[in-house]
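All remarks here apply to the structure that follows.
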Amino acid sequence: MPELPEVETTRRGIETWVTGRAITALIVRDRRLRWPIPAGLEDELAGQRITGVGRRAKYLLIYCQRGALILHLGMSGSLRVLEPTTPLIKHDHFDLLLDSGRCLRFNDPRRFGSLHWTGADPGTHPLLRTVGPEPLDSSFDGEYLRRVSRGRRVALKNFLMNGRVVVGVGNIYASEALFRARLRPGRRAASLTTREAARLARAIKAVLGNAIRAGGTTLRDFVGADGNPGYFRQKLYVYERAGRACRICRTPIRKVVHGQRSTYYCPACQK
DNA sequence: ATGGGCACCTGGCTGC
DNA sequence: TGCAGCCAGGTGCCCA
């Protein structure tokens, strides 16, 4: 499910509900995620106050007095603000109960999500230590993309989805950003000219920014903290539009596979 | 170092 | 109606 815009939508959705609240309890119902929820986390969290909610890459960071929770939504995870009495459904993994009387409830059918705890700066955690720049930061620009793409023979699409190059760009937004930059997904990264790299960096920022403004993309099951879907799907130009007319030039959109993932592009608009 | 492929899971849809 | 097969928004790890 979630790429950067969906995680950011979730972050904004929970922020005002949890910041400044104390955790009264963590109730774990199913520890089985990509990695098991750490034993003893219940005791660590009880009584701690939440000081803020951040995001790094596709990880949500819930800052507490003595450390931070690091939460990944995987492919199918969602985190909602609910009354604790809301009936449980299949794949509800945990509740974080707050002193406001609300709770954060995490549901994840495919169990690709994860929950970690760190007593240190989350940026030093092994999962986050080696990741690339945030695409919406000013340090991420055409000059950076041009520099790190030198000598790289991978397809542009895979290059963008490599978290060491840039974080947050998943399968939907890689295709969308390449369409917006008018670049073919199969081109070698090393073929990027200075101008193209600048166009691509701008396209990534624009696509992600617009998707955040729309509350993310819901293809099947993404919902934000309020339970509502995202509305960016209506604004997709190529993703899941194989055979349909390009919104710019009416040429049929093509679907190919790169690294076992579906990729969509317009053979006329993208060079 | 780089790139490619696999594995981890459940559920929804398609076609026989 | 049942069932097999395929596909899905991520990413750490293994191997060449």
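Chain naming here is simple, since letters A, B, ... match the order of the sequence lines and numbering starts at 1 in each. Everything quoted here is computed from the prediction, not taken from an experiment.
- The base of B:dC9 is not paired with the side chain of A:R111 by any donor and acceptor separated by under 3.5 Å.
- Rounded to whole Å, atom P of B:dT2 lies 19 Å from atom CE of A:M161.
- The pairing partner recorded for B:dC9 is none, the criterion being a Watson-Crick or G-U wobble arrangement whose two distances lie under 3.5 angstrom.
- C:dC13 atom P lies 15 Å from atom CG of A:N162, rounded to whole Å.
- Taking the side chain of A:V154 as heavy atoms from C-beta on, and the options C:dA8, C:dG9, B:dG3, the nearest nucleotide is B:dG3.
- Rounded to whole Å, the distance from CG on A:L208 to P on C:dG9 is 16 Å.
- A salt bridge links A:E134 with A:R55: the closest approach of a Lys/Arg side-chain nitrogen to an acidic carboxylate oxygen falls below 4.0 angstrom.
- By the 4.0 Å N-to-carboxylate-O rule, A:E143 lies too far from A:R150 to be salt-bridged with it.
- For the pair A:F112 and C:dG10, the ring geometry qualifies as stacking, because the centroid separation is below 5.5 Å while the planes lie within an angle under 30°.
- Nearest nucleotide to the A:K90 side chain, out of B:dG11, C:dG12, B:dC9: B:dG11.
- Taking atom NZ on A:K157 and atom P on C:dT11, their separation rounds to 13 Å, with Å as the unit.
- Distances were taken from every side-chain heavy atom of A:P109 (C-beta onward) to each of B:dG11, C:dG9, B:dG3; the shortest belongs to B:dG11.
- Dashed line: the shortest gap from a side-chain N or O of A:H91 to OP1 or OP2 of B:dT10 is not under 4.0 Å.
- For a distance-only test at 3.5 Å, the side chain of A:R152 fails to qualify as a donor-acceptor partner of the base of B:dT2.
- When the side-chain nitrogen and oxygen atoms of A:H258 are compared with OP1 and OP2 of B:dG4, none of them lie within a distance under 4.0 Å.
- Side chain of A:R153, nearest nucleotide from B:dG3, B:dG5, C:dG9: B:dG3.
- In this structure, the NE2 atom of A:H72 is 14 Å from the P atom of C:dG9, given to the nearest Å.
- Taking the side chain of A:Q260 as heavy atoms from C-beta on, and the options B:dG4, C:dG9, B:dC6, the nearest nucleotide is B:dC6.
- Using a 4.0 Å heavy-atom distance criterion, A:F232 is classed as making no nucleic acid contact.
- Here the P atom of nucleotide C:dG9 and the CZ atom of A:R34 are 15 Å apart, to the nearest Å.
- Ion pair A:E240/A:R233 flagged as a salt bridge, since at least one NZ, NE, NH1 or NH2 atom sits closer than 4.0 Å to an Asp/Glu carboxylate oxygen.
- Comparing the P positions of B:dC9 and C:dC3 gives an interatomic distance of 23 Å, to the nearest angstrom.
- For the pair A:R164 CZ and C:dG10 C1', the interatomic distance rounds to 15 Å; values are reported in whole Å.
- Side chains of A:K90 and A:N107: no donor on one and acceptor on the other come within 3.5 Å.
- Under the 4.5 Å side-chain criterion, counting only non-hydrogen atoms from C-beta, A:E6 is not in contact with A:T218.
- Considering only side-chain atoms of A:E3, the nucleotide from C:dA8, C:dG10, B:dG11 that sits closest is C:dG10.
- Salt-bridge check for A:E176 with A:R180: failed, with every basic side-chain N at 4.0 Å or more from each acidic carboxylate O.
- Side-chain N/O atoms of A:S262 include one lying less than 4.0 angstrom from OP1 or OP2 on C:dA8.
- Residue-level contact check: A:G170 touches the backbone only, with heavy atoms under 4.0 Å from sugar-phosphate atoms and none from bases.
- Here A:R261 reaches the OP1 or OP2 of C:dG10: one of its side-chain N or O atoms lies under 4.0 Å away.
- When the P atom is compared between B:dG5 and C:dC7, the two are found 15 Å apart, to the nearest whole Å.
- Closest to the side chain of A:R110, out of C:dG12, C:dG9, C:dA8, is C:dA8.
- The interatomic distance linking A:W35 (CH2) with B:dC9 (C1') rounds to 14 Å, in whole Å.
- For A:Y173 and C:dG9, the shortest distance from a side-chain N or O to OP1 or OP2 is not below 4.0 Å.
- Salt bridge A:D141/A:R202: absent, no basic N to carboxylate O contact under 4.0 Å.
- Between B:dC13 and A:R220, no contact under 4.0 Å exists linking OP1 or OP2 to a side-chain N or O.
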